[in-house]
Amino acid sequence: MKFKDKIALVTGATSGIGKKVATSLLEAGAKVAVNYHSEDSKRDETARDLRTLLTVAGRPTSDLLMVKADVSSPKETASMFKQVEDRLGPLDLLVNNAGIQSECPSHELDPDRIKLELAVNLMGPILCCRSALQAFLKNRSPQGCIVNISSVHEDVPKPGFLPYSVSKGGLRNLTRTLALEYADRNIRINAIAPGAVYTKMNPQLKDKQTREETKDQIPTRTIIDPAEIARCVLFLASDESKNLTGQTIRIDGGLSLYPSFQENWTS
Ligand code: NAD
C-alpha cells in the first residue's frame with residue numbers, strides 16, 4: 001500500500017487511461033477523486049467498478065470521490081478542488097489526463113473547435129495545476145506531484161490534428177516551466193507521452209487490419225496498454241523518482257525514434 005493516505009485527483013477518469021490510472025492508485029492505497037465531465041453512464045459504471053474494488057479490499061467507499069467538472073471552466077475546476085479537499089483531505093497528486101482530439105485539414109478548422117481543444121487540453125491542465133499548486137503550498141512544508149498525460153505529438157507533428165498537437169506542445173512547456181518554478185518547494189511536475197494506446201480515443205484500433213497496420217509503424221510492434229501508463233504514473237508520483245522533475249517520459253514502443261531509420265537509407 002505504497003500510496004496509503006495519499007490523496008489523488010485524476011481528470012477525465014471514467015474511461016481509457018484515466019480510469020486505469022485511478023484504479024491503480026486506489027489499488028495502491030490512495031484515496032482518489034475521479035473527475036468526469038459528461039457521460040453519466042460511464043460515471044455510474046466507473047463508480048460501481050471502483051466501489052467494488054474498495055469493498056473487496058475491506059476499505060470504505062468514501063475513499064472514492066466522483067467529481068463532476070469541465071476542466072476548461074475556471075469556476076468548475078475551483079469547485080472541484082474544494083470538494084476534493086473537503087471530502088478527501090489535502091491533495092498530494094494531480095493527474096491531468098482529460099483530453100480530446102478531432103481530425104480536420106488545418107485550413108478548414110472551425111475557430112470554435114480550435115478554442116474547445118485548446119481549452120480542454122491546455123487551459124484545463126493550466127487551471128488544474130494552478131489549483132493543485134495552491135493546495136500543495138497551503139501545507140507548511142509543501143510537497144506534491146503533478147503528472148500530465150501528454151502525447152508523442154507534443155513533439156512529433158500531427159498534420160490534420162493541429163489544435164491537438166499544439167495543445168500537447170504547450171503541455172510540454174507547462175511541465176518544464178512549472179517544474180523549474182516550484183522545484184525548491186518540493187513540488188515535482190512530470191509528463192508521460194504515450195504513443196498509440198488502446199482506448200476510445202482510437203476507435204479504429206478495434207479493427208484487426210488497422211491494428212496490424214498501426215503496429216507496422218511501431219518499432220516494438222506493440223500497441224500500448226493503459227496499464228503501462230498507469231504504472232509509470234505511480235512511479236512518477238512515488239519517492240522512487242524524487243529527483244525526477246520537468247521530464248516527459250515517452251511510452252510509445254519507439255514510435256518517436258524516426259522508425260524509417262531502422263534500415264539504412266541515408267548512406
Ligand atoms: P478517452 O477518450 O478515453 O479519455 C479522455 C477523457 O477525457 C474522457 O473520459 C472524457 O470524458 C474526458 N474529457 C473530455 N473533455 C473533458 C472536459 N472538458 N472535462 C473533463 N473531462 C473531459 O481517451 P484516452 O486515450 O484515455 O485519453 C486520455 C489522455 O491520453 C488524453 O489526454 C489523450 O490526449 C492522451 N493520449 C492518448 C493516446 C491514445 O492513443 N489513446 C495517445 C497519446 C496521448
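Note that the structure is predicted; figures quoted are calculated from it, not measured. Both ligands and their constituent atoms are indexed starting at 1 by order of listing.
- Those atoms of ligand 1 with a heavy atom of A196 less than 4.0 angstrom away are 40 (O).
- For atom 26 (O) of ligand 1, the closest heavy atom belonging to the protein is I17 N, 2.8 Å.
- Remark: distances from the non-hydrogen atoms of A69 to ligand 1 include one below 4.0 Å.
- No option in E117, H153, K158 other than K158 meets the side-chain hydrogen bond (donor to acceptor under 3.5 Å, both in side chains) test with Q101.
- For ligand 1 and G16, the ligand atoms under 4.0 Å from any heavy atom of the residue are 3 (O), 26 (O).
- With respect to E213, the side-chain hydrogen bond (donor to acceptor under 3.5 Å, both in side chains) criterion is satisfied by exactly one of K215, Q217, R211, Q209: Q209.
- The shortest N or O to N or O distance between V71 and ligand 1 is below 3.5 Å.
- Ligand 1 is approached by Y164 to a heavy-atom distance shorter than 4.0 Å.
- Of the polar atoms of S72, none of the N or O atoms is found under 3.5 Å from an N or O of ligand 1, judged by distance alone.
- For the pair S150 and ligand 1, a heavy-atom separation below 4.0 Å is found.
- Under a 4.0 Å heavy-atom criterion, K42 is not in contact with ligand 1.
- Atom 8 (C) of ligand 1 has its closest protein heavy atom at S15 OG, 3.4 Å.
- Any N or O atom pair closer than 3.5 Å counts here, and D70 shares at least one such pair with ligand 1.
- Using a 30° and 60° split on the angle between ring planes, F161 and Y164 fall in the perpendicular class, above 60°.
- Polar contact check, I100 against ligand 1: no nitrogen or oxygen pair lies under 3.5 Å apart.
- Between N97 and ligand 1 there is a heavy-atom distance shorter than 4.0 Å.
- Separation of atoms NZ (K19) and CG (D49) is listed at 4.0 Å; rounding is to 0.5 Å.
- When only non-hydrogen protein atoms are considered, atom 10 (C) of ligand 1 lies nearest to K200 NZ, 4.3 Å.
- For P226, the heavy-atom gap to ligand 1 stays at 4.0 angstrom or more.
- Around atom 12 (C) of ligand 1, the closest heavy atom drawn from P125, G12, P194 belongs to G12.
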